[in-house]
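Since the model is a prediction, treat every value here as computed from it, not as a measurement. Chain letters run A, B, ... following the sequence lines, proteins first and then strands; every chain starts at 1.
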Amino acid sequence: MRSNDLVAAALARLALLTQLEEGSPQSFRTRAYERAVDAVRLFPIDVSTLDVSELRAIDGVGDSTAKKIREFVDTGHIQVLDELSARYPDRFVALLQVPGVGPRTAITLRHELGIESVDQLRDAVTAEQLRELPGFGAKTEEKIGKAIDRLGLAGKDRRLPIGKALRIAEAIVDRLASIDGVNAVRYCGSLRRFRDTIADVDVLVVAEEPDPIVEAFVADPSVRETLGAGAGGASVTTDDMQIDLRVVPPDQFGSASLYFTGAKAHNIALRQRAIDRGWLLNEYGLMDGDTVVASATEEEIYRALDLDFISPELREDVGEIEAAAEGSLPDLVRVEDIRGDLHVHSTWSGDGRSSLEDMIGAAATRGLEYIAITEHGEDLSINGLSRETVIEERGQIEEIRARYPNLVILHGAELNIGRDGDVDYDAEFLAEFDWCVASVHSHFDLPMARQTDRVIKAVANPAINVIGHLTGRRIGRRPGIEIDFDAVLDAVADTGTALEINSHIDRLDVPADLLMRARRRDDVVFTISTDAHHTTEFANIKWGVSNSRRGWVERSRVVNIRPVHEFLTWLG
DNA sequence: GCCGTTTTCGGCCCGACTGTTTTCAGTCG
């Protein structure tokens, strides 16, 4: 883990324990620490190299936190944090994972009943001890008991990979859209912002009459439990996750979308901006007293606040509001910008599932101007192609080219970056390819220095045009390799090698937080490709595009939005 | 704890829901 992430983790723990200390999740000190967590995590420079005055210059980091960061970097500890950790051990802090238990309740439980862990809380519920406490009752006790039973499914920290959440959300959106009286349906929340893990799905429906929609929603067979349902909305759990529905009239679609999409910090900043103008912003609209200033669309609300429209993927309060105010938001990629797909497999690869002809036909149908067929290299057992097979496929591609005069078909390969940075085949054979992707498919747990060395060695290989799915992560299943990203950026800038933004929903690799770090240098270029193994997977490009947007990647930096002749010129 | 085209002190987003309460505290998003 790089030091910014380690520092951010320590500050996050400080924020959490400060909640307990102050007895409020929204104490100003807690919020200040939380703000510092984001500031450090996203800061492009390694904070361990900065002194206190440089740290203070980071927006959201003041004198006190700057000194704590320095203390952490120098000693590995923060004294205040150590003291808080002694007072609130992990098993006690775990109480906050129980829905309905906040800092105040946790402290009361400890003080009144000596409860120090979730297990002890469960025992106290069973013994009906909670209902005797001041401010508690039988219902609260029952609610906490049920929440503990559900902890595996609905603990506050539980998050699903975005791919799974998307499938669930899209199914719900389709079902709701088919109900009479529904004008529009949109999923919001962290899913719309395109975070790579999702805690719950928030769905917004536009309709004049909410009741029939709420009834149909809670009656769906996938619903396991209804947590609450009332005028205008409902919350349910399915086997996989919690889903919150909200139904609003058409004239509130914009304000409700903003509210429901977040991020919380983004909303707070917008509301502060409204206050500065003497207005009030809530989910019902932007108000000047009783007069509605704007509410029907997000666009008009941003405009009324003197801001350019901020795309949902950017709404994290990490500088997008300031950029929108001064007209310097990044020029982001749209799906229709993509003219080429530079990472495509067919059944020639062992794991491909559509034929070469079908893949090429699907690319042409999609209106692409160029593609690169990139079967696995020979070092990937079973799935990889021998030299003889490579040459055989090259012949077949040559035949197919004649039938697609408007599609430039590159014959490429996806090479395997070996343990020490070597790749498949030999230099002479590699020189025959039009396009080479090189990716890590093995040895995921080497130490950081070794990982960095092997990738940089591949970057320096003149045959290699782009590094595929850099970290090798599988969201929710496998963490990425440990790698010195700044060193990789230096290397690809030196050689002109591109970094791939892999569109597979389980990969989204390069991750968006790393893309943001790459953004401050203007000498790194990207491709956005699908890694399609089936004709239907060309459509996945939208996920790669969304990930690039979340990473603030500008259009000018993406190679495969260029017209084919410009692309070929770049390729040389 | 942080911050300042009204401020170096005095503010810090807004509302719904729940449960235990006769007016509010806590949690959540």
Side-chain angles (χ1 to χ4, degrees), chain A residues 11 14-15 18-39 55-69 78 80 95-109 130-144 146-147 154 156 188-190 193 198-204 227-235 242-246 248 252 255-256 258-287 305-306 317 321 325:
Chain A
L11 292 176
L14 191 56
T18 301
Q19 274 190 42
L20 285 164
E21 187 72 1
E22 309 222 334
S24 165
Q26 347 212 65
S27 84
F28 301 122
R29 189 172 289 141
T30 302
R31 280 173 46 184
Y33 284 139
E34 284 173 348
R35 180 136 189 260
V37 170
D38 285 339
L55 289 167
R56 281 189 60 183
I58 300 174
D59 197 25
V61 175
D63 192 46
S64 169
T65 303
K67 285 178 179 152
K68 289 186 176 74
I69 292 172
I78 299 172
V80 178
L95 288 172
L96 297 178
Q97 287 306 308
V98 179
V101 176
R104 204 118 237 169
T105 304
I107 294 297
T108 303
L109 292 170
L130 265 59
R131 59 183 64 193
E132 306 301 331
L133 301 180
F136 288 70
K139 282 203 173 170
T140 300
E141 185 178 80
E142 192 182 332
K143 198 175 90 177
I144 289 176
K146 283 173 74 174
K156 286 175 215 165
C188 296
S190 52
R193 300 200 312 276
I198 309 294
D200 55 20
V201 170
D202 304 305
V203 184
L204 190 60
L227 302 173
S235 290
Q242 181 169 330
I243 303 167
D244 297 328
L245 170 76
R246 190 95 165 216
V248 300
Q252 291 172 3
S255 46
L258 274 183
Y259 160 71
F260 231 12
T261 300
K264 188 167 78 172
H266 179 87
N267 285 348
I268 289 174
L270 288 185
R271 288 168 177 182
Q272 188 59 53
R273 205 171 166 88
I275 290 170
D276 293 344
R277 286 160 175 70
W279 297 337
L280 171 73
L281 176 62
N282 58 28
E283 58 261 55
Y284 306 111
L286 178 61
M287 310 294 295
L305 293 171
D306 300 316
D317 191 27
I321 292 174

* Watson-Crick/G-U partner (both atom distances under 3.5 Å) of B/dT8 -> none

* Asked: Which is true for A/Lys68 with a 4.0 Å heavy-atom rule: it touches a base, it touches only sugar-phosphate, or it touches nothing?
  -> sugar-phosphate

* Asked: With sugar-phosphate meaning primed atoms plus P, OP1 and OP2, does A/Leu270 contact a base, only sugar-phosphate, or nothing at under 4.0 Å between heavy atoms?
  -> nothing

* Euclidean distance for C1', B/dT6 against B/dG11 (whole angstrom) -> 13 Å

* Would you mind telling me which residue lines up with the more 5' stretch of DNA chain B, A/Lys143 or A/Leu281, judged by nearest nucleotide? => A/Leu281

* Asked: Expressed in whole Å, how much space separates the C1' atoms belonging to B/dC9 and B/dT18?
  -> 37 Å

* Taking atom C1' in both B/dT27 and B/dT20, what distance in whole Å separates the two? -> 14 Å

* Okay, side chain of A/Arg104, backbone of A/Gly23: is any donor-acceptor separation there less than 3.5 Å? -> yes

* Asked: Does A/Arg56 put a side-chain nitrogen or oxygen below 4.0 Å from OP1 or OP2 of B/dC2?
  -> no

* **Touch class at under 4.0 angstrom, heavy-atom based, for A/Asp63 against every strand present** => sugar-phosphate

* Taking the P atom of each, how far is B/dC17 from B/dC12, in whole Å? -> 25 Å

* To do: Can you tell me the distance, in whole Å, between the CG atom of A/Asp276 and the C1' atom of B/dC13?
  => 12 Å

* A/Ile144 CD1 to B/dT20 C1', straight-line distance once rounded to whole Å -> 13 Å

* **Rounded interatomic separation in angstrom, taking CG from A/Leu258 and P from B/dG15** => 15 Å

* Lys/Arg-Asp/Glu bridge criterion (N-O < 4.0 Å) met for A/Glu21, A/Arg29 -> no

* To do: From the options A/Thr65, A/Asp38, A/Val61, select the one residue that forms a side-chain contact (heavy atoms from CB on, under 4.5 Å) with A/Leu11.
  => A/Thr65

* To do: Mind calculating the distance between CD1 (A/Ile268) and P (B/dC28) to the nearest angstrom?
  => 16 Å

* **N-O pairing of A/Arg35 and A/Asp59 below 4.0 Å** => yes

* Asked: Base, sugar-phosphate alone, or nothing: which one does A/Thr30 contact when heavy atoms must sit under 4.0 Å apart?
  -> nothing

* To do: Describe the nucleic acid contact of A/Ala138 in one word from base, sugar-phosphate, nothing, applying a heavy-atom distance below 4.0 Å.
  => sugar-phosphate

* **pi-stack flag for A/Phe28 and B/dC12, centroid dist under 5.5 Å, interplanar under 30°** => yes

* Asked: If you check the A/Lys139 side chain, which of B/dC28, B/dG19, B/dG15 turns out closest?
  -> B/dG19

* 5' precedence on DNA chain B between A/Gly62 and A/Gly135 (nearest-nucleotide basis) -> A/Gly62

* Given atom CD of A/Glu283 and atom P of B/dC28, what is their separation to the nearest angstrom? -> 18 Å

* Asked: Below 4.0 angstrom from OP1 or OP2 of B/dT18, is there any side-chain N or O of A/Thr140?
  -> no

* Short side-chain N/O contact from A/Arg29 to OP1 or OP2 of B/dG1, under 4.0 Å -> yes

* Asked: Are A/Tyr259 and B/dA16 close enough that a side-chain N or O sits under 4.0 Å from OP1 or OP2?
  -> no

* Structure fact -> Testing B/dG15, B/dG26, B/dG1 for proximity to the side chain of A/Ser64, the answer is B/dG1

* To do: Please check if the side chain of A/Glu141 supplies one atom and the backbone of A/Arg131 the other of a donor-acceptor pair under 3.5 Å.
  => yes

* Between B/dG15 and A/Asn282, is there an OP1 or OP2 to side-chain N/O distance shorter than 4.0 Å? -> yes

* Shortest side-chain distance from A/Arg35, nucleotide among B/dC2, B/dG29, B/dC13 -> B/dC2

* **Nearest to side-chain heavy atoms of A/Asp200, which nucleotide of B/dG29, B/dG15, B/dC13** => B/dG29

* Asked: Do side-chain atoms of A/Asn267 reach the backbone of A/Tyr259 as a donor and acceptor pair under 3.5 angstrom?
  -> yes

* To do: Pick base, sugar-phosphate or nothing for A/Gly60, based on heavy-atom distances below 4.0 Å to the nucleic acid.
  => sugar-phosphate

* When rounded to the nearest Å, what value does the distance between C1' atoms of B/dC14 and B/dT21 take? -> 23 Å

* Asked: Checking side chain to side chain contact (heavy atoms under 4.5 Å, CB included) for the pair A/Glu283/A/Arg246: CA distance, chi angles, key distance, verdict?
  -> CA-CA 11 Å; A/Glu283 58 261 55; A/Arg246 190 95 165 216; 3.2 Å; yes

* Structure fact -> A/Glu22 CD to B/dC12 C1', in whole Å, measures 13 Å

* Asked: Between atom CG in A/Leu14 and atom P in B/dC2, what is the gap in whole Å?
  -> 10 Å

* To do: Evaluate the criterion side chain to side chain contact (heavy atoms under 4.5 Å, CB included) for residue pair A/Leu270 and A/Leu258; output intermediate values, then yes/no.
  => CA-CA 10 Å; A/Leu270 288 185; A/Leu258 274 183; 4.1 Å; yes

* Gap in Å between the two C1' atoms, one belonging to B/dC3 and one to B/dT8, rounded -> 9 Å

* Structure fact -> Looking only at B/dC13, B/dC3, B/dA16, the nucleotide nearest the A/Asp59 side chain is B/dC3

* Ignoring the backbone of A/Arg271, work out which of B/dC28, B/dG26, B/dC14 is nearest its side chain. => B/dC14

* Phosphate OP1/OP2 of B/dC2: any A/Thr65 side-chain N/O under 4.0 Å -> yes

* Compare the minimum distances between each of B/dC12, B/dA16, B/dG26 and the side chain of A/Gln272, then state the nucleotide with the smallest one. => B/dC12

* Can you check the A/Leu109 CG to B/dT27 C1' distance for me, whole Å? -> 14 Å

* Could you work out the separation of B/dG26 and B/dT22 based on their P atoms and round it to a whole Å? => 14 Å

